[in-house]
Asks: 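If you scroll down you'll find the structure; I have some questions about it.
This one's a predicted model, so the numbers in the text were calculated from it and none came from an experiment. Proteins come first, then strands; the chains are lettered A, B, ... in the order of their sequence lines, and each starts at number 1.
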Amino acid sequence: MEIARKGPSLTARAAGLVACRTCARVWPAGTPRCGRCGAHLQSRDTASLQKVWAWWLAGVMAYIPANLYPMLVTDTLVEHHASTIVGGAVEIAHHGSYGIAAIILIASVLIPMGKFIAIAYLALSARHGSRVRPGRRHHLYEVVEFIGRWSMIDVFVVAILSALVQLSSVAQITPGPAALTFAASVIFTMLSAQSFDSRLIWDRDRADERRPST
Amino acid sequence: MNQIDSTRLQQGSGPLAGARLEDLIACPSCDALYLARMPAMGERAVCADCHEVLIAPRAKAGIRILMLTLAMLILVTAALFFPFLSISAAGLGNRASLLDVALSFQSSHMVALALMTAAMIVIVPLLRMLLIFYTLLPVVFDRQPFSQARRAFRWSNALKPWAMAEIFALGCAVALVKVADLAQIGFGPAFWMFSILVLIAILNDSYLCSWSVWKSLEKAPR
């Protein structure tokens, strides 16, 4: 059920107030700290986009070696085998576990790539505007925030395997260097998404709405 | 989903029509301003612009959260020490507890990764439970909140994205399939404890309405 909207929404900033993003309380503009929860107050995080791009770049840079170096090194009696993220998923698919291969590919390739593109798009559109309605873009932001953590699953799988598969010479699994850079990439991307001030999505369109149409 | 239980202040209705600041609520995600009105128990007040849930009170939420958190504290402590997964191949066997998993990267000079994994699957979830417990304990029994309650609850909110117990649980399933042809895998008691823990954590989060908590912390001493 949608509420009928008679006009552009009033924001805390337009009303001369500053909102606390932690507890949703409002204070007169210029108040430095929230009196209820003690969080720092800022009507719009002016450095938001800078932080977003800095973490974004770090995330992309860490993601490259994460795909080039082995994630998992398996030593058995007969072979020494190092597999990358994509290589590991392909092997699992060859064994017939298409579901698991799909989970790994989605969590470690599709989601990280999608996140890089989505965050870049959100940051660019917050600055230069976009024809896509802010409601849609906000939804995209929520998806990015929700889904980002799930990329850590591959790192945890490596942790579980290397703790468990320690059978002296018969079988032994150790993490490869990609485990570290992949984890770093996920964390940097999460920080990038968290630095984005989602209120920036709405500002431009709300300002347009208020302008008298001729 | 029940929409809007807070009235939108339209422009031109005067400078907030004399509403007191403590009666207003601003959407943390999109800055839209509303007159806050408590929805009925079980109902939710949702932002009309971005659909962020603003207020979602649940009946007896405080005492339920305390009880569930207590149960989780016991489970996580127990799950730390019991074997989590066991493996056997060619007559050799190994068992790993949650602690072993968290510290598995230690062996290969990846201390940073070991610390990070330990933090995300054990320390941060545990810390959040303690912080929520500390925040809510006096509030539930109608006492004055502890002096650091605001800081505790703020930290608990900030740490939320970094508690990844449920992701770890799904990771176990993936790990099982990955080594299925290499060796035989069995679940230890800690695995089941951990699975229950994840379910309780999801239930617990659905009870926690942060706006209601902040409201109840307003009387805390400064």
Asks: With a 4.5 Å heavy-atom cut-off, do Ser29(B) and His138(A) have their side chains touching?
Replies: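 The answer is yes, as the side chains (C-beta and beyond) meet within the 4.5 Å cut-off.
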Asks: Is it the side chain or the backbone of Leu180(A) that comes within 4.5 Å of chain B heavy atoms, both, or neither?
Replies: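 Backbone plus side chain of Leu180(A), per the 4.5 Å heavy-atom cut-off to chain B.
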Asks: Any idea which of Ser210(B), Cys30(B), Ala175(B), Cys172(B) has the most non-hydrogen atom pairs under 4.5 angstrom with chain A?
Replies: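 The candidate making the most pairs under 4.5 Å is Cys30(B).
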Asks: I want to check something: taking the side chain as every heavy atom from C-beta on, are Arg149(A) and Glu166(B) in contact at a cut-off of under 4.5 Å?
Replies: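 Heavy-atom side-chain distance check passes, below 4.5 Å.
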Asks: Quick one: what part of Glu142(A) sits under 4.5 Å from any heavy atom of chain B, side chain, backbone, both or neither?
Replies: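 Looking at Glu142(A), just its side chain touches chain B.
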Asks: So with a 6.0 Å cut-off around CZ of Arg58(B), is the heavy-atom count from everything else above 12?
Replies: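 Yes.
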Asks: Mind checking whether Phe153(B) and Thr22(A) have side chains closer than 4.5 Å, heavy atoms only?
Replies: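 They are not in side-chain contact.
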Asks: Tell me, side chain or backbone of Pro134(A) under 4.5 Å from chain B's heavy atoms, or both, or neither?
Replies: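 Neither; nothing under 4.5 Å.
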Asks: Between Ala152(B) and chain A, with a heavy-atom cut-off of 4.5 Å, which part of the residue counts as in contact: side chain, backbone, both or neither?
Replies: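 Neither part.
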Asks: Name the region of Leu200(A), side chain, backbone, both or neither, that has any atom closer than 4.5 Å to a heavy atom of chain B.
Replies: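 Neither part.
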Asks: Does the Thr11(A) side chain pair with the main chain of Ala32(B), one donor and one acceptor, at a distance under 3.5 Å?
Replies: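 Not a single qualifying donor-acceptor pair exists.
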Asks: Find out whether Met164(B) and Phe156(A) are in side-chain contact, i.e. whether some heavy atom of one side chain is under 4.5 Å from a heavy atom of the other.
Replies: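 Result yes, sub-4.5 Å side-chain heavy-atom pair found.
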Asks: For Arg136(A), is the CZ atom crowded, meaning more than 12 foreign heavy atoms sit under 6.0 Å from it?
Replies: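 Check fails, neighbour count at 12 or below.
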Asks: At a heavy-atom separation under 4.5 Å, does Ile153(A) approach chain B through its side chain, its backbone, both, or neither?
Replies: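 Backbone plus side chain of Ile153(A), per the 4.5 Å heavy-atom cut-off to chain B.
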Asks: Inspect the surroundings of CH2 in Trp211(B) and state if more than 12 heavy atoms from other residues, nucleotides or ligands are less than 6.0 Å away.
Replies: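 Counting other residues, nucleotides and ligands, CH2 of Trp211(B) exceeds 12 neighbours.
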Asks: Give me the atom names and distance for the closest heavy-atom approach of Trp202(A) to Asp49(B).
Replies: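 Where Trp202(A) meets Asp49(B) most closely, the heavy atoms are CH2-O, 3.1 Å.
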Asks: Checking the side chain of Arg13(A) only, and the main-chain atoms of Asp31(B) only, is there a donor and an acceptor separated by less than 3.5 Å?
Replies: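 Between the backbone of Asp31(B) and the side chain of Arg13(A) there is no qualifying donor-acceptor contact (under 3.5 Å).
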Asks: Taking side chain as C-beta onward, heavy atoms only, is Phe168(B) less than 4.5 Å from Ile160(A)?
Replies: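 Touching, per the 4.5 Å side-chain cut-off.
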Asks: Side-chain contact, heavy-atom cut-off 4.5 Å: Ile25(B) with Val26(A)?
Replies: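 The answer is no; the side chains never approach within 4.5 Å.
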Asks: Leu33(B) and Ala15(A): which non-hydrogen atoms are nearest, and at how many Å?
Replies: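 Reported closest heavy-atom pair: CD2-CB, 3.7 Å.
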Asks: Any non-hydrogen side-chain atom of Met190(A) less than 4.5 Å from a side-chain atom of Trp162(B)?
Replies: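 Of all side-chain heavy-atom pairs linking Trp162(B) with Met190(A), at least one is under 4.5 Å.
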Asks: Between Arg21(A) and Pro28(B) (side chain of the first, backbone of the second, donor and acceptor by atom type, cut-off under 3.5 Å), is there such a pair?
Replies: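 A pair under 3.5 Å: yes.
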Asks: Distance from Cys37(A) atom SG to Arg154(B) atom CZ, nearest 0.5 Å?
Replies: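 One gets 6.0 Å once the value is rounded to the nearest 0.5 Å.
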Asks: When you compare the side chain of Arg25(A) with that of Lys215(B), does any pair of heavy atoms fall below 4.5 Å?
Replies: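 Counting from C-beta outward, Lys215(B) and Arg25(A) never come under 4.5 Å.
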Asks: With only heavy atoms counted, which part of Glu145(A) is less than 4.5 Å from chain B, the side chain, the backbone, both or neither?
Replies: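 When you check distances to chain B, no heavy atom of Glu145(A) falls under 4.5 Å.
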Asks: Show the nearest heavy-atom pair for residues Thr117(B) and Ala159(A), with the distance to one decimal.
Replies: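 So the minimum-distance heavy-atom pair works out to CG2-CB, 4.1 Å.
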